[in-house]
Amino acid sequence: MHRVDTAWFPAQLSISARLCGCRWVGNLRTEHHVIDLQAITAVWYRAPRAYRFHALNAVEERHARTEAKYGLGGVLASLPVLWVNHPMRTAAAAYKPLQLVIGARYGPRVPETLITNEADDVREFAAEPTVTKMLGAVSIVEDGRRKFAHTLGDLVFDLGLLEQHDTADFQRVPQGLAVLRRDVYGATADPLP
């Protein structure tokens, strides 16, 4: 068993891989180990850290990260081994619209959901009790301060409140996306202070 940290690439981790038929052969090399790609039988992919490049400007670093992601990451992702948290499945799972479709297909009842940047569609959908949700990250960093978005429940029908709430800025709907869901489970949210 070997531990490899993606942040080691390229200074402390190298790869040499050649496509032979339908499989990559070659090795990963660290300061202390040479790992044969064909000898890998399982990968536990957990909390990968960013690749680290030195002496590159911002444009070069962005390009190098992309190449590392598709090169090193692509070779590893293609290995026909047992994966715990395959990176492509993890990435696909981050798409909430996909999660909702799969949930509706195989799981419990999924609430009626609207994803839009059309203000009129928000007004129509929010005429009944709804909940707002974020699609991705629940925080942003602005001016050096982390700001968090909060789920709003049962109050979104009051568009005046939605217009005033800084985490669901209704006036910016055409510039972004609003995600609204019907409350099918009967849960209620506490009113905002």
Quiz item: Counting only heavy atoms not in H2, do more than 12 sit closer than 6.0 Å to its NE2 atom?
Solution: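 Yes.
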Are the side chains of [Y] and [X] in contact, using a 4.5 Å heavy-atom criterion?
X: V84; Y: Y45; answer: no
X: R62; Y: R65; answer: no
X: R3; Y: W8; answer: yes

Non-hydrogen atoms of [X] and [Y] that approach each other most closely:
X: W83; Y: L76; result: CZ2-O, 2.9 Å
X: I40; Y: L79; result: CD1-CD1, 3.9 Å
X: G73; Y: Y51; result: N-OH, 4.0 Å

Quiz item: Going through the checks in order, is the side-chain contact (heavy atoms from CB on, under 4.5 Å) test met by W44 and M1?
Solution: CA-CA 11 Å; W44 181 28; M1 178 167 55; over 6 Å; no
Show me the side-chain donor-acceptor pairs of residues 10-28 shorter than 3.5 Å, one per line, residues at least two apart or across chains.
residue: R23; atom: NH2; partner: L37; partner atom: O; Å: 2.9

Exercise. Just grab all the salt bridge (Lys or Arg N to Asp or Glu O under 4.0 Å) pairs involving residues 36-59, residues at least two apart or on different chains.
Key: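 The answer is D5-R49.
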Using modelled atom types and a 3.5 Å cut-off, is there a donor and acceptor pairing between side-chain atoms of [X] and backbone atoms of [Y]?
X: E60; Y: N57; value: yes
X: T66; Y: A64; value: no
X: H86; Y: M88; value: yes

Self-check item: side-chain contact (heavy atoms from CB on, under 4.5 Å) assessment of V122 paired with T116
Solution: CA-CA 7 Å; V122 171; T116 185; 3.5 Å; yes
Self-check item: Rounded distance [0.5 Å steps], NE2 in H63 versus CG in L56
Solution: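 The NE2 atom of H63 sits 10.0 Å away from the CG atom of L56.
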Quiz item: Can V4 be reached from V81 by stepping across I, L, V, M, F, W or Y side chains whose heavy atoms are under 4.5 Å apart?
Solution: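 Yes; tracing contacts between hydrophobic side chains, which count when under 4.5 Å, links both residues.
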Quiz item: For R29, which residues count as a side chain to side chain donor-acceptor pair (under 3.5 Å) partner, sequence neighbours excluded?
Solution: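 Not a single residue meets the side chain to side chain donor-acceptor pair (under 3.5 Å) criterion with R29.
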